[in-house]
Amino acid sequence: MRKKIEIDNLPNHIAIIMDGNGRWAKKRGLPRSAGHRQGAKVVQDIAIACDKIGLAYLTVYAFSTENWKRPQKEINSLMSLIREFLEDTEKKFDKENIRIQTIGRTDRLDSDIIKGIKRTVQKNKHKTGLTFTLAIDYGSRDEIIHATKKIIDNNISSEKITEDLISSYLFTNQLPDPDLVIRPSGEQRLSNFLMWQASYAELWFSNILWPDFKMKHLKEAIKVYNQRDRRYGGVK
Ligand code: FPP
């Protein structure tokens with residue numbers, strides 16, 4: 001059962017590019033991994049809060065297909081955090097009504113992470129509140145290549161290619177398109193995140209660094225979103 005909605009006119013689906021962990025750590029003289037650790041804590045809190053306000057879908061960019069270019073030490077610390085996050089979430093989300101899923105490739109992830117994902121997804125799949133999606137080894141261009149290969153392998157003829165058909169081959173085929181994409185940390189780009197799906201999303205940027213992100217920032221983004229005039233290329 002969905003809980004009481006405190007905020008009017010919630011978007012259906014919010015997607016977040018969790019940026020600024022490294023800068024947050026640097027400002028404090030800490031290793032980058034400390035920023036990622038704090039960022040992982042924040043995302044748990046935000047997911048729980050989003051469920052409480054009655055948001056239907058939250059999708060977060062946890063590791064991109066380009067993040068493999070980072071130093072091996074940082075990749076290892078991000079992978080360890082994902083591992084811990086999955087374990088910790090199992091306990092922390094036990095009493096929450098949050099359904100968890102992931103999008104992205106799985107062939108480059110360690111087998112224990114894949115097992116962790118399967119376990120967490122399975123454990124929470126009966127839940128009816130927020131659908132919380134972690135994008136892990138996800139990139140839109142890679143996703144489109146993956147979808148194109150599958151379409152060709154399935155011998156789909158060119159006249160059958162429609163927007164809906166392509167959407168149905170993307171990792172996000174169970175998700176509605178995002179209405180609002182949030183990127184903190186001052187950068188103003190999509191960085192290969194949900195490029196197809198966010199075609200008509202509203203974008204909200206803020207200078208706040210992800211580890212400092214609070215519910216008040218999300219509420220501010222929703223307020224701005226509600227002042228936007230979404231025309232989807234048409235007129236009103
Ligand atoms: C960008 O910050 C963030 C990432 C590369 C990944 C986001 C990861 C987390 C929030 C932690 C792990 C998440 C989960 C769900 C386990 P950056 O390193 O690019 O920051 P910078 O631009 O300040 O250097």
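In this chain, residues are counted from 1 in sequence order. Read the numbers this way: they start at 1 and go in the same order the structure lists the ligands and their atoms.
Looking from atom 20 (O) of ligand 1 to the surrounding protein, the closest heavy atom is Gly22 N, 3.0 Å. Among all non-hydrogen protein atoms, the one lying nearest atom 3 (C) of ligand 1 is Met18 O, 3.0 Å. The protein heavy atom nearest to atom 22 (O) of ligand 1 is Arg23 NH2, 2.9 Å. Atom 11 (C) of ligand 1 has as its closest protein heavy atom His36 O, 3.4 Å. The single protein non-hydrogen atom nearest to atom 6 (C) of ligand 1 is Ala62 O, 3.2 Å, given as residue, atom name and distance. Among protein heavy atoms, atom 12 (C) of ligand 1 sits closest to Ala40 CB, 4.1 Å. For atom 9 (C) of ligand 1, the closest non-hydrogen atom of the protein is Asn21 ND2, 3.5 Å.
Closest approach of Ala56 and Asn12 over heavy atoms only: CB-OD1, 3.3 Å. Closest heavy-atom contact between Ser168 and Asn173: O-ND2, 3.1 Å.
Within the structure, the closest approach of Ser185 to ligand 1 does not fall below 4.0 Å when heavy atoms are considered.
Every N/O-N/O distance between Trp24 and ligand 1 stays at or above 3.5 Å.
Electrostatic pairing of Asp45 and Lys214 does not count as a salt bridge here, judged by no charged N lying under 4.0 Å from a carboxylate O. A salt bridge between Arg37 and Glu84 is present, with a side-chain N of the basic residue lying under 4.0 Å from a carboxylate O of the acidic one.
Using modelled atom types and a 3.5 Å distance limit, the side chains of Tyr138 and Ser140 yield a donor-acceptor pair.
By heavy-atom distance, the residue among Arg32, Lys27, Lys26 lying nearest atom 18 (O) of ligand 1 is Arg32.
With a heavy-atom cut-off of 4.0 Å, Arg70 touches ligand 1 through its side chain alone. Only the side chain of Leu134 comes within 4.0 Å of ligand 1, judged by heavy-atom distances. Only side-chain heavy atoms of Asn67 come within less than 4.0 Å of ligand 1; its backbone N, CA, C and O stay farther off.
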>> For Asp51 and Arg99: C-alpha separation, side-chain torsions, deciding distance, then whether salt bridge (Lys or Arg N to Asp or Glu O under 4.0 Å) applies.
In response: CA-CA 10 Å; Asp51 178 52; Arg99 206 154 63 94; over 6 Å; no
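Looking only at side-chain heavy atoms (C-beta outward), Leu180 and Arg228 stay at 4.5 Å or farther from each other.
Under the 3.5 Å distance criterion, the side-chain polar atoms of Asp153 are left unmatched by any main-chain donor or acceptor of Lys150. In this structure, the side chain of Tyr225 does not engage the main chain of Asp179 through any donor-acceptor pair within 3.5 Å.
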